[in-house]
Every structure is written in structure tokens, then in C-alpha cells.
Amino acid sequence: MLVVEDNNEKYNRVHAVLEQAGVSADEITHVIAAAPAFEHLRRTQFDLMLLDVNIPRRLGEVSRRGGGLDLLRELGRESQLRRPTYIVGLTAFEDVVAEFGPTFQDQLWSLVHYSEASDQWISQLSVKVNYIQAANRSRNFSDGETYGCDLAIITALDTVEFEAVLRLPLSWEPLRLQHDETRYQSGTLNTQNGTKSIIAAAAPRMGIAASAILSAKIIHQFRPRYLAMVGICAGRADKVSIGDLIIAEPTWDWGSGKVVSVDGEPKFLPSPHQLDLDPDTASLMKMLAKDGALLSEVRRSASGNRPRTDLTAHVGPLVSGAAVVAHKPAFDALLDQHRGILGVDMEVYSVAAAAQGSARPRPKFLVIKGVSDFADEKKDDDFQEYAASVSAQFLYRAAKEFL
């Protein structure tokens, strides 16, 4: 930890909070100006830099309003500096938060208001330290038994789907890992079993390959107990309604198989490999899918254009393929593989396969998708926001039960 703070009284309190969070004194480096901070950043890779906004440039100079921002900008320009994994601004002045908060947010960092009359900053700082410790543990797993976080959430779209996740009340903070361009978010969920740690990220594009890579990377980096995917899918018109939820049980790749020649014409012979939820998760999902009060609460809390039908949750087959399906006969042809198919998307199977094929400790997988269309020629975006929102909201409430 690097603490750039020129007020000794404030530093002493911050130091005490860090120690209470499990950071030893020899892991904390304290400087009171920007120049000595630069020297340390040239030599040391810090997990966290706590940066006072009003600091002097050099030792012996007076503090300058916004002086810490010069250090923040220099980190973005100077290639010889080792960028901290996380940066948190800390100021005792509300007007400084108002003036410089957007600058921190533009770089996906946070500016926290320090106050002797409030413990909110202590909670925020403790959460950040806990996540750093969890991330560090996850990079050093070797026993095949230790998990690094409780739940990882991924989406296939960084707009409508990931935005629905970030609207969940999980105290999100940006999280960056060295040599990794993925923009992670870390959060916490309070449950009856205590505070649980959450990691979230969006794939760079739709499709099986991108979600498989992201799933594998998150499993390797964070070792979650559960790996969940939320977002949108196409539904089967005679089984589900627009806005309904589909909980994948089981899932497979509908494009897996062999193309043979029959009388000179190509014929596809499917060879699906089905992956099932673990029994405990499947049982819980079936119970929650019947909880009318929970589904009503999810519907009320969802954003977007609401369909006229009540929200219904279905536990059943949700299959994946490499192509978007917007052709009803093509969708109907999938029923030859399983007459109970409820929906289709481009990612769910890859998430399940990554979870079940990972090194130990393996996460349990869970995919919850909202139906935004019927995979036909009328496919449009009218209900995408709502479908993504209900899937995220349902996972939020379900996680309180299974974590």
C-alpha cells in the first residue's frame, strides 16, 4: 500500500483502518508529497495507492489544491512508473469531491470523502482492501481447494446486459489486474451468511469463443465458488413469453455434430453433449422459479419496456450456437435434438463447459437469461433492456439464497 497524505492525523487514522483490515505495518509506505511518491512508483508495484487530492509537489512546499491529480495524470503518461493495481482518492473536503470526483471516475477510480464524523469511508476502504487480498490469494492458488471469491458474473454484451448488472446494489468498484485488459468490477453482497465477494465482467463480443475465454480467465484469476451468466436470449414462442426467465438446465452446443452426404445432399447429424446444473443448485432454482412474490419483486425492480405479461421463470433446456438465430424454421429444427428446448443463445454452453472443465476448485455454474425475442423474422430490441434487467435482478435475489 502506498499512502500519499500530508496530514499526519488523517494518515494515522487511515493506517489504523488498514491494519484492522489485515494489512501489516511493513506493507504500508507513507509519503507526504508527489515527488517521493514518484520515486517509490518507479521501484515498487503497489496493490493500492491512497491519494490525497491536496498535496505538495515536493517536500517542504505547501499543499496545493488538486496536487494529487498531477500524480494521477503522470501515471497515465510516464511509462517508467509502475501503475498501482488500484487507486483511491481520499479527501476531507466535500467541495474537492464535487470538483475532482469526475476526474477519478473518468479513469474508473473512486474519490472517497474522509470524515471524522462518519464511518462510511472506513467501510469503503475496508471493502477495497478485502478485494485486493482476495485477488492476491487467487493469483497464488496451488492447493486445488481454496476459493478466491464467492460469485463471478459475466455477460456477453457490455452495454445492455452489463449495465443491468452494474445497476445492482453491490457497491461496485473498478478492479484492474496487471497485464489484463478486461475491465472487472468488484462488489459485495450482504447475506444471512455474511458479506460475500462478487466479481463481474463483460465479454468483448458475443459468441461462444469470447464467453469461454472470459469464463476461463475469471476462473483462473479469482477462483469463484459460483460462475453465473445473465443477459438476454431468444425463446420458444409456444413455451415462454417475452420477458420470461430461462434458467439453463441442461445446456449444450446445438452445432456440435457431423455433416454427412445423403444422396449427394448435406445432412447434419447432431451429437450434443449436455451439461447439467449441480443437483443442489437445480433444486433451489426450481423452488425460486415458483416463488410468485419474488418474481413480482423482480418485475417491479426491473428497468426497460415492460411486456404486458406477468414474469414467469422456467427451468429447462437453453442451448447455444455460434450464430444468431432469427429464422423460425431454423429454431424449430433444433427441437429434433430435444423436444423440451425453451430458448437459444450464443454463450450459455461455453460458460458451463468452462466451469466443469476448469482446474480445481471448480465453480458451480448458473445461467439465467431473459427472453427478448422469439428467434424469428420479427426479432428486435424493444425488450432487451427489460429482459437483461430481470435476469440480473433474479440472480441478485437468488444469490442471497445459495451463497
Side-chain angles (χ1 to χ4, degrees), residues 47 83 85-87 105 107-110 127-128 130-139 141 147-189 196-233 248 320 345-355 357-359 362-370 388-389 391-396 398-399 403:
D47 292 306
R83 296 173 179 83
T85 306
Y86 310 93
I87 298 174
Q105 292 173 4
Q107 300 189 45
L108 296 181
W109 303 124
S110 55
V127 166
K128 179 63 70 176
N130 289 339
Y131 269 103
I132 291 171
Q133 292 167 335
N136 286 345
R137 287 195 302 269
S138 73
R139 288 195 292 269
F141 288 140
Y147 290 99
C149 72
D150 295 297
L151 172 65
I153 306 172
I154 71 170
T155 69
L157 298 172
D158 62 0
T159 50
V160 62
E161 293 179 333
F162 200 55
E163 288 166 359
V165 172
L166 295 183
R167 283 194 293 269
L168 298 176
L170 297 174
S171 303
W172 294 116
E173 292 284 350
L175 185 158
R176 291 179 178 177
L177 298 182
Q178 193 176 15
H179 311 306
D180 189 344
E181 297 303 318
T182 299
R183 299 296 181 92
Y184 301 101
Q185 293 283 333
S186 64
T188 55
L189 174 65
K196 303 300 180 179
S197 54
I198 316 293
I199 297 293
R205 61 188 61 84
M206 296 188 302
I208 286 179
S211 289
I213 291 169
L214 177 60
S215 297
K217 187 160 62 171
I218 280 185
I219 293 170
H220 176 73
Q221 295 279 27
F222 301 102
R223 293 297 177 188
R225 294 181 184 276
Y226 282 85
L227 175 65
M229 176 176 242
V230 295
I232 62 175
C233 69
S320 297
D345 81 341
M346 298 175 65
E347 297 87 19
V348 53
Y349 176 76
S350 64
V351 176
S358 71
R362 297 182 181 94
K364 297 177 180 179
F365 77 88
L366 175 63
V367 178
I368 305 168
K369 291 291 187 87
S389 184
S391 68
Q393 292 288 341
F394 186 88
L395 173 64
Y396 168 69
L403 290 181

Point to revise | Residue list, side-chain contact (heavy atoms from CB on, under 4.5 Å) with Ala201, at least two apart or on another chain | key: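 Result, side-chain contact (heavy atoms from CB on, under 4.5 Å) vs Ala201: Thr182, Tyr184, Leu214, Ile218.
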Check your understanding: Do Ile198 and Leu403 pass the side-chain contact (heavy atoms from CB on, under 4.5 Å) test, and can you show the C-alpha distance, the side-chain angles, and the key distance before you say yes or no?
Key -> CA-CA 11 Å; Ile198 316 293; Leu403 290 181; 4.3 Å; yes
Do the side chain of [X] and the main chain of [Y] share a donor and acceptor less than 3.5 angstrom apart?
| X | Y | result |
| --- | --- | --- |
| Thr155 | Ala202 | no |
| Asp47 | Thr85 | no |
| Glu347 | Gly207 | yes |
| Ser391 | Gly231 | yes |

Point to revise | Over all atoms of both residues, closest heavy-atom pair of Val165 and Trp172 | key: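 Residues Val165 and Trp172, closest heavy atoms: O-NE1, 3.2 Å.
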Point to revise | Minimal non-hydrogen separation, Ala354 against Ser215, with atom names | key: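 It is CB-CB, 3.5 Å.
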Taking the side chain as everything from C-beta on, heavy atoms only, tell me whether [X] gets closer than 4.5 Å to [Y].
| X | Y | answer |
| --- | --- | --- |
| Ile154 | Val351 | yes |
| Arg223 | Cys149 | no |
| Pro363 | Ser358 | yes |
| Ile199 | Pro224 | no |

Exercise for review: State which residues pass side-chain hydrogen bond (donor to acceptor under 3.5 Å, both in side chains) with Glu161; sequence neighbours excluded, sorted by chain then number.
Suggested key: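 Result, side-chain hydrogen bond (donor to acceptor under 3.5 Å, both in side chains) vs Glu161: none returned.
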Review point. For Arg362, what residues pass the side-chain hydrogen bond (donor to acceptor under 3.5 Å, both in side chains) criterion, not counting sequence neighbours?
Key: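 Arg362 satisfies side-chain hydrogen bond (donor to acceptor under 3.5 Å, both in side chains) with no residue once adjacent residues are dropped.
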Practice item. Give the intermediate values and the outcome of side-chain contact (heavy atoms from CB on, under 4.5 Å) for residues Leu170 and Tyr396. Key: CA-CA 9 Å; Leu170 297 174; Tyr396 168 69; 3.8 Å; yes
Rounded at 0.5 Å granularity, tell me how far [atom1] in [X] sits from [atom2] in [Y].
| X | Y | atom1 | atom2 | value |
| --- | --- | --- | --- | --- |
| Asp150 | Leu189 | CG | CG | 9.0 Å |
| Ser389 | Glu163 | OG | CD | 11.0 Å |
| Ile232 | Met346 | CD1 | CE | 11.0 Å |
| Thr188 | Glu173 | OG1 | CD | 9.5 Å |
| Phe394 | Leu366 | CZ | CG | 8.5 Å |

**Study point:** Contacts of type ring pair (Phe, Tyr, Trp, His ring centres under 6.0 Å), residue Phe162, not counting sequence neighbours
**Key:**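 By the ring pair (Phe, Tyr, Trp, His ring centres under 6.0 Å) rule, Phe162 matches no residue at all.
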Exercise for review: Under the salt bridge (Lys or Arg N to Asp or Glu O under 4.0 Å) rule, collect the residues that match up with Arg167, sequence neighbours excluded.
Suggested key: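 Partners of Arg167 by the salt bridge (Lys or Arg N to Asp or Glu O under 4.0 Å) criterion come out as none, since no residue qualifies.
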Exercise for review: List for me each residue that meets salt bridge (Lys or Arg N to Asp or Glu O under 4.0 Å) alongside Lys217, sequence neighbours excluded, and say none if there are none.
Suggested key: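 So Lys217 forms a salt bridge (Lys or Arg N to Asp or Glu O under 4.0 Å) with Asp180.
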Review point. Yes or no on side-chain contact (heavy atoms from CB on, under 4.5 Å) for Leu175 and Tyr86, after CA distance, side-chain angles and deciding distance?
Key: CA-CA 7 Å; Leu175 185 158; Tyr86 310 93; 3.0 Å; yes
